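Just so it is clear, the structure is predicted and the values come from calculations on it, not from any experiment.
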Amino acid sequence: MRHRTSALARSVFEVSALCSFGIAAAASPRDASAQQPPTRRPAASRPAPPSTGVITITANDHFYEAPNPIPGGVVTFRLVNKGKDFHHIWIVKIDEGYAFSDFMRSLGPGRPLPEWATGLGGPESPEPGQESRLTVELPPGRYALACLLPSRESGTTHLAKGMFLPLTVTKGAARRAPTGDIAVRITGREIVAPATVTPGTHLLAVYSEAPQPRGFRLARLQEGKTAADIAAWIEGGSSGTAPFELVGGTTPLAQGAAVWMPLTFTAGNYALLPMALDVASGELRYQRTAPALVSVR
């Protein structure tokens, strides 16, 4: 079954998020047995395509079309951006004992992600009209999908415009976890990646060591553009034509979480642009730290 943002979910958000996010989340002591982020670091050897179930989610301005429920295990999310704006998917695991409505009430400017909600990443925005993929391991349970990007026209987050969905993950078929040939580490200060890779299709194995949820956008630089051009564009408020084209990446990962992403690299220069949740605004924003640069040749 495919659905857009439900009327019930939208009403929950309008009450809790649009009214200055003034209602406190229904909270109880965190269960000591609640699921913790995975700690297994992904392998990075020979690339092996994951044996996964593929879930296609269509992003529009400003709602998702997605199946619900979905089988869990090793799952590949295929994000198709049919909007005129940029859109991504942030996958958040909600601990047992909490509901989607609790998660929605917990969001807002000045509020960090609650302890009982774990960011597991998700496909970052491709260019409008394009698609991106990301593989993640999902245990059964309750989840939320959300887009935290600000609108290019109004600056209002897509979440506030109704771009969110509840998701139920059921027990799925046993599938082997993927392996990758390019290892990427997200630390508290930087994105660590190889300086050089060969052209062709690779499988990135991404692992987060950062104490706070962080992700990155993967961008192919325009001919002649450099890291200095990226820094100037970000410092200028990310307005005007970007000096790169977005090709994928991951939304914020909790410490210890892992994802995998297949990407086809063509000759040129790429940058992994650090992204993090800005607690003050509730938006996902570029961090003013140096990107990891990758030369493909």
Does [Y] offer a backbone N or O that forms a donor-acceptor pair with the side chain of [X] under 3.5 Å?
X: N68; Y: T168; value: yes
X: R111; Y: R105; value: yes
X: Y64; Y: L145; value: no
X: E127; Y: L246; value: yes
X: S132; Y: E124; value: yes
X: D181; Y: L203; value: yes
X: R214; Y: T187; value: yes
X: T251; Y: G121; value: yes

task: Please answer: with hydrophobic residues joined when any side-chain heavy atoms are less than 4.5 Å apart, are L293 and I234 in the same cluster?
output: no
- request: Could you please spell out the steps behind the side chain to side chain donor-acceptor pair (under 3.5 Å) verdict for N81 and H88?
  value: CA-CA 8 Å; N81 187 1; H88 64 207; over 6 Å; no
What closest approach, in Å, do [X] and [Y] show between heavy atoms, and which atom pair accounts for it?
X: L113; Y: A117; result: CD2-O, 3.3 Å
X: V259; Y: L120; result: CG1-O, 3.5 Å
X: G240; Y: W233; result: O-NE1, 3.4 Å
X: G215; Y: I191; result: O-CD1, 4.2 Å
X: L167; Y: P67; result: CD1-O, 3.7 Å

task: Under the side chain to side chain contact (heavy atoms under 4.5 Å, CB included) rule, what do V206 and W260 come out as? Steps first, then yes or no, please.
output: CA-CA 6 Å; V206 183; W260 298 262; over 6 Å; no
Say you draw a straight line from [atom1] of [X] to [atom2] of [Y]; how long is it, rounded to the nearest 0.5 Å?
X: L263; Y: T201; atom1: CG; atom2: OG1; result: 8.5 Å
X: L79; Y: I57; atom1: CG; atom2: CD1; result: 7.5 Å
X: L149; Y: L159; atom1: CG; atom2: CG; result: 10.5 Å
X: L253; Y: Y207; atom1: CG; atom2: OH; result: 10.5 Å
X: S125; Y: D85; atom1: OG; atom2: CG; result: 8.0 Å
X: C147; Y: M163; atom1: SG; atom2: CE; result: 5.0 Å

Taking side chain as C-beta onward, heavy atoms only, is [X] less than 4.5 Å from [Y]?
X: I230; Y: Y286; value: no
X: V74; Y: P178; value: yes
X: T56; Y: V80; value: yes
X: Y270; Y: L221; value: no
X: I182; Y: V197; value: yes
X: P252; Y: L284; value: yes
X: W116; Y: K93; value: no
X: I94; Y: Y143; value: no

- request: Flag the pair W90 / F164 as yes when their ring centroid distance falls below 6.0 Å, and as no otherwise.
  value: no
- request: Mark yes or no: R297 above the aromatic ring of F265, with NZ or CZ under 6.0 Å from the six-membered ring centre and no more than 45 degrees from the axis.
  value: no
query: Got a salt bridge between E245 and R220, using NZ or NE/NH1/NH2 to carboxylate O under 4.0 Å?
result: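 Salt bridge absent between E245 and R220.
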message: Between K225 and E223 (salt bridge meaning N to carboxylate O under 4.0 Å), is one present in this structure?
response: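 A salt bridge is absent here (no side-chain N lies under 4.0 Å from a carboxylate O).
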message: Once salt bridge (Lys or Arg N to Asp or Glu O under 4.0 Å) is applied, do any residues pair with E190, and if so which ones, sequence neighbours excluded?
response: none
message: Check this for me: E131, atom CD, are more than 12 non-hydrogen atoms of other residues, nucleotides or ligands nearer than 6.0 Å?
response: yes
message: Give me each pair satisfying side chain to side chain donor-acceptor pair (under 3.5 Å) with a member in residues 275-284, each pair once, sequence neighbours excluded.
response: D278-S281, E283-R285
task: Would you mind telling me which of K84, K161, H87 makes a side chain to side chain donor-acceptor pair (under 3.5 Å) with D61?
output: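 Per the side chain to side chain donor-acceptor pair (under 3.5 Å) rule, the option paired with D61 is H87, out of K84, K161, H87.
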- prompt: Do F100 and V92 pass the side chain to side chain contact (heavy atoms under 4.5 Å, CB included) test, and can you show the C-alpha distance, the side-chain angles, and the key distance before you say yes or no?
  reply: CA-CA 10 Å; F100 175 75; V92 179; over 6 Å; no
task: Just do the side chain to side chain contact (heavy atoms under 4.5 Å, CB included) check on L134 and T76 with the steps written out, would you?
output: CA-CA 6 Å; L134 180 139; T76 294; over 6 Å; no
